Amino acid sequence: NPLPLATYLSVALIGVFYTLSTWLAVVGTGIAETPKLLQQMHDPTIFLFSLSNDYVGSAWTMTMRILFVTSVYASLLAFHNAIARYVFAMGRDRILPEIMGHTHVRFRSPHTGSLAQTAVAFIFIAAFAAVGADPVLTLFTLFSSIGTLGIIVLMTVASLSVTCFFVRRGEMSWRRLAAPAAAFVALAGVAVFAARNFEVLAGGPSLAAKLLPYLIPAAAVAGIALQSRSRTK
């Protein structure tokens, strides 16, 4: 089966790519100078673009900016699609209002979930715009940080559930028990470390950075309550 091999290779490639990119960025600036430079920058997101200007040239930097914008658009589109389908699934299971579980008559798309996601995104963006918050340094940084932490927690829980599933079945092989158990331990450590240092992920200390991590346990409790209510219907 080529699927496991492709999965391992993709994870390894991504890990090597990010490690090499980080190493190159630090070496390009200097180990001692990198933290100081990032702290002095009004917008740390231009760090890599500044390095590109210094070492490669403005033409390549413009190419990087174009690729960055298109990749962000692709990521937002993928997340929007995923959220719309999650909303559809929860509406179908009556965890959310049943209307969310309906598909479009002609296109068979989860259009109600898509519209709900669009409305929620518009409300949040409008609220941040109304108070004059920076769209990148505040809105994007805060919510991408809590999204990152949430994904780590979800992967941790998924690893634990896989481990428990195979323990109940009495299967003790590396792939079915040892690997997911090791992944659970490693991811749990990363999740705790990220939660304790969330203000660093969120770009600095703030009230929002202190409160946002509590959304994850609150969402878990709300999800369990909604699921329990749906089972009684």
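Source: prediction; values computed, not measured.
- Shortest non-hydrogen contact noted between Ala209 and Ala202 is CB-CB, 3.9 Å.
- The hydrophobic clustering, which links ILVMFWY residues whose side-chain heavy atoms are closer than 4.5 Å, places Tyr55 and Ile46 together.
- When the shell of 6.0 Å around OH of Tyr86 is examined, it contains 12 or fewer heavy atoms from other residues, nucleotides or ligands.
- Between the side chain of Ser21 and the backbone N or O of Tyr18 there is no donor-acceptor pair closer than 3.5 Å.
- Taking all atoms of both residues into account, the shortest heavy-atom contact from Asn197 to Phe193 is ND2-O, 2.8 Å.
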side-chain contact (heavy atoms from CB on, under 4.5 Å) between Leu142 and Ile146, intermediate numbers included: CA-CA 6 Å; Leu142 282 176; Ile146 190 61; over 6 Å; no
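- No side-chain donor-acceptor contact under 3.5 Å links Asn81 to the backbone of Leu77.
- Checked by atom type and distance alone, the side chain of Ser52 never pairs as donor or acceptor with a backbone atom of Leu48 at under 3.5 Å.
- No donor-acceptor pair closer than 3.5 Å links the side chain of His104 to the backbone N or O of Ser109.
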Please step through side-chain contact (heavy atoms from CB on, under 4.5 Å) for the pair Leu212 and Leu215, ending with a clear verdict. CA-CA 5 Å; Leu212 277 176; Leu215 286 178; 3.4 Å; yes
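- Within a 6.0 Å radius of CG in Leu211, other residues, nucleotides and ligands contribute more than 12 heavy atoms.
- Summarising the geometry, atom OG belonging to Ser10 is positioned 14.5 Å from atom CZ belonging to Phe17; distances are rounded to the nearest 0.5 Å.
- To the nearest 0.5 Å, atoms NE2 (His102) and CZ (Arg108) are separated by 10.5 Å.
- Side-chain contact between Val87 and Ser114: absent, with no pair of heavy atoms (C-beta onward) separated by less than 4.5 Å.
- Here the CG atom belonging to Asp43 is positioned 11.0 Å from the CG atom belonging to Leu38, to the nearest 0.5 angstrom.
- No donor-acceptor pair closer than 3.5 Å links the side chain of Thr138 to the backbone N or O of Pro135.
- Both Leu51 and Phe68 are members of a single hydrophobic cluster when ILVMFWY side chains are connected at heavy-atom separations under 4.5 Å.
- Here the straight-line distance linking atom CD1 of Ile14 with atom OG1 of Thr19 works out to 11.5 Å at 0.5 Å rounding.
- Separating the CG atom in Asp93 from the CE atom in Met100 is a distance of 14.5 Å, to the nearest 0.5 Å.
- Taking hydrophobic clusters as Ile, Leu, Val, Met, Phe, Trp and Tyr residues chained together by side-chain heavy-atom distances below 4.5 Å, Leu149 shares a cluster with Val157.
- For the atom pair CG (Leu160) and CZ (Phe165), the distance works out to 14.0 Å, reported to the nearest 0.5 Å.
- You'll find the side chain of Glu199 stays beyond 4.5 Å of the side chain of Ser206, heavy atoms only.
- In terms of hydrophobic clustering, with Ile, Leu, Val, Met, Phe, Trp and Tyr side chains grouped at heavy-atom distances under 4.5 Å, Phe88 and Leu96 are assigned to different clusters.
- Applying the side chain to side chain contact (heavy atoms under 4.5 Å, CB included) criterion to Ser75, with sequence neighbours excluded, gives no partner residue.
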side-chain contact (heavy atoms from CB on, under 4.5 Å) for Leu177 and Thr163? Distances and angles first, verdict last. CA-CA 5 Å; Leu177 181 60; Thr163 303; 3.7 Å; yes
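- When only modelled atom types and interatomic distance are considered, Asn53 and Ser58 share no side-chain donor-acceptor pair under 3.5 Å.
- Between Thr29 and Thr34, the closest heavy-atom pair is CB-OG1, 3.5 Å.
- At a threshold of 4.5 Å between non-hydrogen side-chain atoms, the residues Arg65 and Thr61 count as touching.
- Thr156 and Ala191 make their closest contact through OG1-CB, 4.3 Å (heavy atoms, listed as atom of the first residue, atom of the second, distance).
- Heavy atoms from other residues, nucleotides or ligands lying under 6.0 Å from CD1 of Ile31 number 12 at most.
- Judged purely by atom type and a 3.5 angstrom limit, Thr103 has no side-chain atom pairing as donor or acceptor with the backbone of Pro110.
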Given Phe143 and Phe128, is the ring pair (Phe, Tyr, Trp, His ring centres under 6.0 Å) satisfied, shown in steps? CA-CA 12 Å; Phe143 285 97; Phe128 275 78; 5.7 Å; yes
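- Counting only distance, with no hydrogens or angles, the side chain of Asp134 and the backbone of Val136 share a donor-acceptor pair below 3.5 Å.
- Looking at Phe124 and Val120, their side chains come closer than 4.5 Å, going by heavy atoms from C-beta outward.
- Looking at heavy atoms from C-beta onward, Val56 lies out of side-chain contact with Met64 at the 4.5 angstrom threshold.
- Ile152 and Phe198 are assigned to two separate hydrophobic clusters, defined by single-linkage of ILVMFWY side chains at heavy-atom distances under 4.5 Å.
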Derivation and outcome, side-chain contact (heavy atoms from CB on, under 4.5 Å), residues Met41 and Ser50: CA-CA 11 Å; Met41 282 185 168; Ser50 299; 4.0 Å; yes
